[in-house]
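Worksheet: the structure to be examined is printed underneath.
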Amino acid sequence: SFTMNMYLFVYDLMQFCGHSWIFTNMIIRFMTFGKDSLADTFHSIGLVMRLCQLLSVLEILHILIGIDKSCLLPRFLQISERIIVLFVVINSQEEVQGKYVVCVLFFLWNLLDVVRYTYNMLARMGIYYLPLTWLNFSLCIPLYPLSVLAKGFAICVSLPYFESFGTYSIKLPFPFTFSIYFPYVLKMYLLVLFAGMCFITQNLFSERTAHLGTGNIKNKRS
């Protein structure tokens, strides 16, 4: 309906504004301060980044109620990966926030999202530019695996701090003999992360073929 389409347009516009601000801020800070800006990335744009990622959870709801025709599982995996790495790994360990990998990760996320939300906004209005459509369905294929590698590296960097501080590790008192050592959980999650990367990359190739392989330009979210 017109109302739902307008709602999705406003949602995409809000996300576009948020990610564009982050992306522009990162570039300007790097041009102004050089390498010194990399270590301060999280402290300067972390709040807006967290708000944008929390807002992206609505995309799962959009698919569930049927106003977005994207596949649920790939989108759920992509969103959950970001939420876990951003809030559980990076946000909880101040020592990790100053690492260069955080800047790399934020750059990849925002580059992908600026293109994606631009494409989505125009698609809501029935406007399709072939170069933008090609970029939307092609850029994610090399950049998404790179972002997964950055996520994995961020998790590996965080492991010594989780081991030292015992963050999220739980040991239940007697009579329970059950404990959760969170670094082990993160190591197991690394396997899930890379298995999910294979599945999502295959889905990205399928979407690219569906939109560009036959020369047809359709309105489907990346």
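FYI, side chains are in, hydrogens and waters are out, and symmetry mates aren't considered; it's all heavy atoms of this structure.
- Applying the 6.0 Å contact sphere to CZ of Phe205 captures no more than 12 heavy atoms from other residues, nucleotides or ligands.
- For the residue pair Arg208 and Ser138, a side-chain donor N or O sits within less than 3.5 Å of a side-chain acceptor on the partner.
- Residues in residues 27-50 take part in these salt bridge (charged side-chain N to carboxylate O under 4.0 Å, His left out) pairs, two or more places apart or across chains: Arg29-Asp40.
- The list of salt bridge (charged side-chain N to carboxylate O under 4.0 Å, His left out) pairs with a residue in residues 125-140, not counting sequence neighbours, is empty.
- One distance of note links OG of Ser70 with CD of Glu59; it measures 8.0 Å at 0.5 Å rounding.
- The side-chain contact (heavy atoms from CB on, under 4.5 Å) search around Leu139 returns Leu111, Leu112, Val115, Leu135, Leu143, not counting sequence neighbours.
- Side-chain heavy-atom separations under 4.5 angstrom define the hydrophobic clusters, and Leu191 shares its cluster with no other residue.
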Inset, instruction - Report the C-alpha distance between Ile28 and Thr32 in whole Å, list the side-chain angles of each, state the deciding distance to 0.1 Å, and finish with yes or no for side chain to side chain contact (heavy atoms under 4.5 Å, CB included). - result: CA-CA 6 Å; Ile28 292 176; Thr32 304; 4.0 Å; yes
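- When the ring-ring contact (aromatic ring centres under 6.0 Å, His included) test is applied to Tyr7, the partners found at least two apart in sequence or on another chain are His62.
- Within 6.0 Å of CZ in Phe194 there are more than 12 heavy atoms belonging to other residues, nucleotides or ligands.
- Residues in residues 185-198 take part in no salt bridge (charged side-chain N to carboxylate O under 4.0 Å, His left out) pair, two or more places apart or across chains.
- Thr201 is listed as a side-chain neighbour of Met197, based on a closest heavy-atom distance under 4.5 Å.
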Listed pairs under 3.5 Å, donor-acceptor, residues 157-166 side chains, sequence neighbours left out:
{"residue": "Ser158", "atom": "OG", "partner": "Ile155", "partner atom": "O", "Å": "2.7"}
{"residue": "Ser164", "atom": "OG", "partner": "Pro160", "partner atom": "O", "Å": "2.9"}

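- In this structure, the ring-ring contact (aromatic ring centres under 6.0 Å, His included) partners of Tyr168, at least two apart in sequence or on a different chain, are Phe182.
- Without hydrogens or angle criteria, Asn5 side chain to Arg124 main chain gives a donor-acceptor distance under 3.5 Å.
- Applying the ring-ring contact (aromatic ring centres under 6.0 Å, His included) rule to pairs touching residues 27-53 yields nothing, sequence neighbours excluded.
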Would you mind writing out the side-chain donor-acceptor pairs for residues 96-103 within the sub-3.5 Å range, not counting sequence neighbours?
{"residue": "Gln97", "atom": "NE2", "partner": "Ile90", "partner atom": "O", "Å": "3.2"}
{"residue": "Gln97", "atom": "NE2", "partner": "Asn91", "partner atom": "O", "Å": "3.2"}

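- At distances below 3.5 Å, at least one donor-acceptor pair connects side-chain atoms of Ser44 with backbone N or O atoms of Thr41.
- Around the CD atom of Gln202, the shell of radius 6.0 Å holds no more than 12 heavy atoms that belong to other residues, nucleotides or ligands.
- Met125 CE: more than 12 foreign heavy atoms inside a 6.0 Å radius.
- The salt bridge (charged side-chain N to carboxylate O under 4.0 Å, His left out) pairs that include a residue from residues 134-151 are Glu81-Lys151, where partners are two or more places apart or lie in different chains.
- In this structure, CZ in Phe16 is found 8.0 Å from CG in Leu13, a value given to the nearest 0.5 Å.
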Inset, instruction - Applying side chain to side chain contact (heavy atoms under 4.5 Å, CB included), run through Phe76 and Ile63 and close with a yes or a no. - result: CA-CA 10 Å; Phe76 172 79; Ile63 298 173; over 6 Å; no
Inset, instruction - Output, in order, the C-alpha distance, side-chain angles, deciding distance and verdict of side chain to side chain contact (heavy atoms under 4.5 Å, CB included) for Phe23 and Phe106. - result: CA-CA 8 Å; Phe23 192 69; Phe106 282 10; over 6 Å; no
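- In this structure, the side-chain hydrogen bond (donor to acceptor under 3.5 Å, both in side chains) partners of Thr167, at least two apart in sequence or on a different chain, are Gln93.
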